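Heads up, the thing below is written out as structure tokens.
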Amino acid sequence: MDQDTAPDTPPTTTDFMIDLTVEETRRRASVMAALGPDWDPVAVLRGEDEAYALLYSGLDADQRRTYDLLVAAGVLPGEEPGRAAAH
């Protein structure tokens with residue numbers, strides 16, 4: 001404790017700013033390096049669409065009604081292009 005400050009005096013605060021731009025750039029570069037040169041985002045998205053379609057394919061009538069209710073409620077995404085077919 002500073003001897004020139006009375007014991008009942010509140011401590012002073014100092015405002016400061018930190019620019020995280022360099023750290024964010026480093027983080028993004030690390031992510032891209034970890035993904036590797038063979039990473040293909042288009043293929044990944046295509047694979048996700050295929051998995052989603054497979055997940056909701058072959059539903060029986062009761063499951064289909066439940067699925068449709070969840071889509072109508074906004075819980076699940078609808079059947080826009082690349083999504084599960086109605087059958």
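Note that this is a predicted model, so its numbers are computed, not measured.
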| query | How long is the gap from CZ on Arg65 to CG on Asp60, to the nearest 0.5 Å? | reply | 8.0 Å

| field | Side-chain heavy-atom pair Trp39, Met32 within 4.5 angstrom cut-off | value | yes

| field | Approximate separation, where rounding is to 0.5 Å, of Tyr67 OH and Leu55 CG | value | 9.0 Å

| Is Leu70 linked to Tyr52 within one hydrophobic cluster, defined over Ile, Leu, Val, Met, Phe, Trp and Tyr using a side-chain heavy-atom separation of less than 4.5 Å? | yes

| Any side-chain heavy atom of Leu54 within less than 4.5 Å of one from Glu50? | no

| said: Check for me, please, whether Val22 and Met17 land in the same ILVMFWY cluster - side-chain distances under 4.5 Å, paths through other members count. | reply: no

| said: Between Thr66 and Asp68, is there a side-chain heavy-atom distance shorter than 4.5 Å? | reply: no

| Salt-bridge present (Asp49, Arg46; N to O < 4.0 Å) | no

| Side-chain heavy-atom pair Glu24, Thr21 within 4.5 angstrom cut-off | no

